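Quick notes on the structure that follows.
In the text below, chain A, chain B and the rest are named by the order of the sequence lines, each starting its count at 1. Note that the structure is predicted; figures quoted are calculated from it, not measured.
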Amino acid sequence: MYSKEIDKKWQDKWYNSDYFNAKDDKKMKKFYGLIEFPYPSGVGLHVGHVRAFMGMEVIARKKRLEGYNVLFPIGWDAFGLPTENYAIKTGIHPRVVTDKNIETFTKQLKTLGFSFDFTRQVDTTDPSFYKWTQWIFLKLFEKGLAYKDKTEVNYCNNCRVVLANEESQGGKCDRCGGEVVQKEKEVWMLKITDYADKLLEELDNLDYLPRIKTMQENWIGKSTGAEVNFDIYGKEGKLKIYTTRPDTIFGVTFMVIAPEHPIIQKYKDKIENVEEIEMYAKEAKKKTEFERVQLAKDKTGVEVKGIKAINPITGRNIPIWVSDYVMMGYGTGAIMAVPAHDTRDYEFAKKFNIDIIPVIEGGDVDKEPFTDINNGKMINSQFLNGLDVKDAISKIIEYIEENKIGKKAVNYSMKDWAFARQRYWGEPVPIVKCEDCGLVAVPENELPLKLPEVEDFKPGEGGESPLIKVESWVNTKCPNCSKPAKRETDTMPQWAGSSWYYLRYVDPHNNNELASKENLEYWTPVDWYNGGMEHVTRHLIYSRFWHRFLYDNGIVPTKEPYKKRTAQGLILGSDGEKMSKSRGNVINPDDIINEYGADTLRAYILFIGDYEMAAPWSDNGVKGVKKFLDRVVRLENFVDLNGFKNEEIERELNKTIKKVTEDYENMKYNTAIAQMMTFVNLVYKIGKISKEDLNKFLLVLNPVAPHVTEEVWSKFNDDMIINNSWPNYDENKIKTNTIELAVQVNGSVKFRVNVPVDASKEEIEDIVMSDNNLTKYVNKDSIKKLIIVPGRIINFVI
RNA sequence: GCGGGUAUGGCGGAAUUGGCAGACGCGCCAGACUUAGAAUCUGGUACCAACCGGUGUGAAGGUUCAAGUCCUUUUACCCGCACCA
């Protein structure tokens, strides 16, 4: 029987040796496998962590057996709100809480037998780590990619904190799920949009899951079109719009600007209904995300009276409207509306009785907008008439540029990264505000700029950082002119440390640089990174951005941080719902380990289903896997040391080695385990196995069930299994002399024949035509056609 | 609305990529061992008919000698984005 005592015995041996530690031996072939380092929360390890880590754990253990120098590190993404909220509630310092949580996590990981290199742990909250986070920030600042801007930011009233776009997806706060509001605030921003194209282009050269690439492409959201300037009638001014379809410019019957558009203030004296417009803007701002998007069908708006736009091509006067269906944050905050060919413009035009002019053949715009406009011919468009839309687009852009009324332009839906949190538990931004010199970088030799001690971790009512109250820390001298100055009191968001942590693993104790050139050259890029889908448009984008920036500045040797990226599926509760405290369907890994042993949890989580897909938890499934491991332990009773040989076992063993080798590499752990179960079932049926065959089997099972396999191995061998090599398989031993082919009549199977493996079509035909069974199903005169696919099928068409 | 994904026995899930649907596990049924139970071992288990056969991969069409797999239409659920101009 497999029991907890077995776990303990082998964990003691492993963790007291350096077997799992990566060697800085640059001559060896390397493998860098990475998992997303966890946030050490107070609740401890979750089964979701176990699934996320197990994928790479199996690969790492296999690669070591294959002779690779493996770097499989673990660390702690420890800055963040839960710890801080806990500190606010209890008064216990986040440092103390974090250390305690890391200890718990480490213990849990070790009771699961994870083969991490624990000597390379990094902790984002450790000053020796965040020194380099701050250092990278200063580089960004130096290059103008970190800037302070007063702008509308996403803000969570509940957490009292500014959020990045990536943290407020769907209008909900990433942390608390509360409604995100827009607030004007002066905050640090990172110019990730400067890297949009590089991040997009490089995707092609990466081995990421297709759905991950798609999500990143959509998030970056590149569109190409044109910017066109419309004159403002009666005033020397321009209204700049962005459109992806400049070819439809002859169909423009009105303009729409966002409620916050600056043109309203600019022409305040000319506009006759400023109050009405300002009232509308105020109302629009009050709308929640839900009201804006879900109730979007009912268009609202106000016409701007007193000014008009002029179509720069036709010279026609065009009314300007204000409506909240145009966003200030995308494009130029103003559009040319073409109601004939855009659903939103159409709804608006219908509601406010504005003209609708079709410019592309097809449809009936009296009834509905005609939006199938990727092909077709232009109409009502003067010199574009008769052209195909593709030609019309290039012709009109040419015209626009020649006549200097606009230019070709691209747009991204990705925004710059709001890089500031008004909280205590984060990296201090190493910037000093001087009245004379402006924003000045803290000198490199003063890094790390450590967090000061505070009495109260609570952020201020108006969303100020608690650091603002620490006068002795805030008040400092300007590094430039030595006059009294104040420190920046906002801290960095949690995503800062995780944007580069994988680089620190290659040289975690280096005091002089973030990592040595030689170690970076040898270990990076990460060969394989596994993590959750929820980070694809957050952490994964951010870290690619930072890495590319570091590459552009000669600090790291590769363009991209991760060569390959995969993602595990969710583990759901046994009710098929997402695990959550409120549903009461949470499984605690500790309970499973205590009752069934670490390898049972390890193997069950891999056996649960396709690694990339969500799968519900099943207590019975756990028991089934335990039964399998018990059967493996009892294999010792079947071992024959007297030269036992069995062809059937050998064939199945070689098949198993082959399948498991391939399946692990493709993250098909469930079918790998199924094959190993099949093998064990066969040994039970035969009743005997040689020591050599058993050893090979134990080796392929080892990455999944290291404790059990060490134990059984130790019964017949003097060394430890982890000091051995991955077994090879012999393709010849998998082959049989004859195979069974199904014989179909009109596509349904009637009987089977045995034929030599390498039989030709003609030989197979001879065999099947003389088979006794044939006459039962087929009258030879009625055969119309005979299909023979060697190795696959025989089909009579009658 | 747009993008991505999923749908297969009582349940979790397999299927060499167009070639014997249901591997493996759970559950269930039976047998062996046992005074008995647990554990263990062995066998059976898609459905209907129970003899021949017939029907089956969300639904409806189609292509093909052959479709879970390809095409068209459609339904449900999950995930992501979203008046993106």
Side-chain angles (χ1 to χ4, degrees), chain A residues 1 169-171 209-215 217-219 221-223 225 241-245 248 256 258 289 292-297 299 323-327 329-338 342-345 347-348 371 411-414 533-534 536-537 569-570 572 574 576 578 604 607-610 612-625 627-628 630-631 634 659 662 668 670-681 684-685 687 740-752 776 784-789 791-798:
Chain A
M1 276 279 279
Q169 302 186 14
L209 291 180
R211 59 192 169 127
I212 294 179
K213 285 192 189 182
T214 309
M215 271 179 78
E217 277 165 17
N218 291 346
W219 184 255
K222 182 176 182 168
S223 79
I241 60 96
Y242 173 74
T243 176
T244 55
R245 293 303 297 264
T248 60
V256 185
E289 188 84 8
R292 245 190 47 240
V293 179
Q294 302 301 321
L295 308 179
K297 301 291 161 243
K299 293 276 179 293
S323 174
D324 61 359
Y325 85 87
V326 171
M327 308 288 128
Y330 185 80
T332 61
I335 63 160
M336 58 177 216
V338 185
D342 181 284
T343 316
R344 296 152 304 173
D345 296 348
E347 283 164 5
F348 196 88
T371 56
N411 241 297
Y412 302 94
S413 40
M414 186 168 72
M533 284 306 287
E534 69 275 19
V536 166
T537 51
L570 234 54
L572 307 171
S574 37
K578 209 165 173 174
Y604 172 65
F607 189 59
I608 194 167
D610 188 315
E612 287 175 16
M613 296 217 264
W617 185 268
S618 154
D619 291 324
N620 279 330
V622 177
K623 287 177 196 157
V625 169
K627 215 156 116 183
F628 165 63
D630 283 339
R631 277 162 75 85
R634 281 194 298 271
K659 179 144 181 70
E662 292 167 358
K668 301 280 179 208
N670 53 337
T671 48
I673 292 169
Q675 178 59 38
M676 293 189 278
M677 287 171 166
T678 305
F679 178 74
V680 170
N681 291 347
Y684 269 66
K685 195 175 139 199
E740 201 179 64
L741 284 186
V743 180
Q744 297 178 333
V745 176
N746 287 344
S748 66
V749 179
K750 297 298 179 191
F751 62 101
R752 288 154 230 278
K776 277 195 264 175
K784 276 196 198 151
K785 201 172 171 188
L786 174 57
I787 287 142
I788 296 173
V789 185
R792 295 253 192 270
I793 205 85
I794 300 164
N795 191 11
F796 285 91
V797 185
I798 60 170

[atom1] atom, [N] versus [M]: distance in rounded Å?
| N | M | atom1 | value |
| --- | --- | --- | --- |
| B/A46 | B/C11 | P | 14 Å |
| B/U40 | B/C26 | P | 10 Å |
| B/A21 | B/A14 | C1' | 10 Å |
| B/U42 | B/C33 | P | 15 Å |
| B/A60 | B/A67 | P | 15 Å |
| B/A30 | B/U74 | P | 50 Å |
| B/G12 | B/A23 | P | 15 Å |
| B/U55 | B/G68 | P | 13 Å |

Under-3.5 Å N/O pairs linking protein and nucleotides 2-4 of chain B:
from: B/G3; atom 1: O2'; to: A/Asn218; atom 2: ND2; distance (Å): 3.3

Query raised in the report: Can you name the residues that form a ring pair (Phe, Tyr, Trp, His ring centres under 6.0 Å) with A/Phe628, not counting sequence neighbours?
Result: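 Here no residue qualifies.
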Query - A/Phe679: partners by ring pair (Phe, Tyr, Trp, His ring centres under 6.0 Å), with sequence neighbours left out - result: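 Once residues adjacent in sequence are excluded, the partners of A/Phe679 under the ring pair (Phe, Tyr, Trp, His ring centres under 6.0 Å) criterion are A/Phe697.
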Are there any protein N/O atoms within less than 3.5 Å of an N/O atom in nucleotides 60-69 of chain B, and if so, which ones and at what distance?
from: B/C65; atom 1: O2'; to: A/Asn795; atom 2: ND2; distance (Å): 3.1
from: B/C65; atom 1: O2; to: A/Asn795; atom 2: ND2; distance (Å): 2.7

Is there a side-chain contact between [X] and [Y], using heavy atoms and a 4.5 Å cut-off?
| X | Y | value |
| --- | --- | --- |
| A/Lys668 | A/Asp610 | yes |
| A/Ile673 | A/Met677 | yes |
| A/Val789 | A/Asn795 | no |
| A/Gln744 | A/Ile787 | no |

Atom-to-atom span, [atom1] of [X] to [atom2] of [N] - whole angstrom:
| X | N | atom1 | atom2 | answer |
| --- | --- | --- | --- | --- |
| A/Ile673 | B/C26 | CD1 | P | 13 Å |
| A/Met533 | B/C79 | CE | P | 13 Å |
| A/Phe751 | B/G53 | CZ | C1' | 17 Å |
| A/Ile335 | B/A85 | CD1 | P | 11 Å |
| A/Phe628 | B/C24 | CZ | P | 13 Å |
| A/Leu572 | B/G5 | CG | C1' | 14 Å |
| A/Asp324 | B/A82 | CG | P | 16 Å |
| A/Glu534 | B/C78 | CD | P | 18 Å |

Restricting to side-chain hydrogen bond (donor to acceptor under 3.5 Å, both in side chains), what partner residues turn up for [X], sequence neighbours left out?
| X | result |
| --- | --- |
| A/Thr671 | A/Asp663 |
| A/Thr332 | none |
| A/Arg631 | A/Asn681 |

Query - side-chain contact (heavy atoms from CB on, under 4.5 Å) against A/Met215, all qualifying residues, sequence neighbours excluded - result: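 For A/Met215, the residues satisfying side-chain contact (heavy atoms from CB on, under 4.5 Å) (neighbours in sequence not counted) are A/Met533, A/Val536, A/Thr537.
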Report task. Kindly write out the residues that satisfy side-chain contact (heavy atoms from CB on, under 4.5 Å) with A/Asp345, not counting sequence neighbours, or none if the list is empty. Result ->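 Expected list: A/Phe254, A/Tyr325, A/Ile335, A/Ala337, A/Pro339, A/Asp342.
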Query raised in the report: Taking the side chain of A/Thr678 as heavy atoms from C-beta outward, which of B/A85, B/U16, B/C24 is closest to it?
Result: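 Side chain of A/Thr678 sits closest to B/C24.
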Report task. Answer syn or anti for B/U6, where the cut-off is 90° from 0 on the glycosidic torsion. Result ->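 What B/U6 shows is an anti base, its glycosidic angle lying more than 90° from 0.
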Query raised in the report: Is the glycosidic angle of B/G22 within 90° of 0, making it syn, or outside that range, making it anti?
Result: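 What B/G22 shows is an anti base, its glycosidic angle lying more than 90° from 0.
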Distance from [X] atom [atom1] to [Y] atom [atom2], nearest 0.5 Å?
| X | Y | atom1 | atom2 | result |
| --- | --- | --- | --- | --- |
| A/Phe796 | A/Ile788 | CZ | CD1 | 7.0 Å |
| A/Tyr242 | A/Asn411 | OH | CG | 4.5 Å |
| A/Glu612 | A/Arg211 | CD | CZ | 5.0 Å |
| A/Lys659 | A/Gln675 | NZ | CD | 6.5 Å |

Query - B/C84 OP1/OP2 closer than 4.0 Å to side-chain N/O of A/Arg344 - result: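 Yes, within the criterion.
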Query raised in the report: Phosphate oxygens OP1/OP2 of B/A85: is one of them under 4.0 Å from a side-chain N or O of A/Tyr242?
Result: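 Answer is no, no contact under 4.0 Å.
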Distance-minimising heavy-atom pair for [X] and [Y]:
| X | Y | result |
| --- | --- | --- |
| A/Gly576 | A/Pro616 | CA-CB, 4.3 Å |
| A/Met327 | A/Asp324 | CE-O, 2.9 Å |
| A/Ala614 | A/Leu572 | CB-CD1, 4.2 Å |

Query - Which residue lies more 5' along RNA chain B, comparing A/Asn620 with A/Ser223 via nearest heavy atoms - result: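 The residue whose closest nucleotide sits nearer the 5' end is A/Asn620.
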**Report entry** Nearest-nucleotide comparison on RNA chain B, the residue closer to the 5′ end among A/Thr244 and A/Lys578
**Finding:**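 Whichever sits nearer the 5' end wins; that is A/Lys578.
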Report, one pair per line, the protein and nucleotides 39-50 of chain B atoms (nitrogen or oxygen only) whose separation is under 3.5 Å.
from: B/U40; atom 1: O3'; to: A/Arg634; atom 2: NH2; distance (Å): 3.3
from: B/C41; atom 1: OP1; to: A/Arg631; atom 2: NH1; distance (Å): 2.6

Query raised in the report: Base, backbone or nothing for each nucleotide of nucleotides 6-15 of chain B, written B, S, -, heavy atoms under 4.0 angstrom, 5' to 3'?
Result: S-----BSS-
Query raised in the report: Is the base of B/C83 touched by the side chain of A/Lys299 through a donor-acceptor pair closer than 3.5 angstrom?
Result: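 Check passes, donor-acceptor contact within cut-off.
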Report task. Mind checking which stems touch RNA chain B? I mean at least 3 consecutive Watson-Crick or G-U pairs, both distances under 3.5 Å. Result ->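 Ordered by first number, the stems with RNA chain B (at least 3 consecutive pairs each) read B:1-7 with B:75-81, B:10-12 with B:24-26, B:27-32 with B:40-45, B:46-48 with B:53-55, B:58-62 with B:70-74.
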Using a 4.0 Å heavy-atom cut-off across all strands, classify [X] as base, sugar-phosphate, or nothing.
| X | result |
| --- | --- |
| A/Val625 | nothing |
| A/Glu740 | base |
| A/Gly221 | nothing |

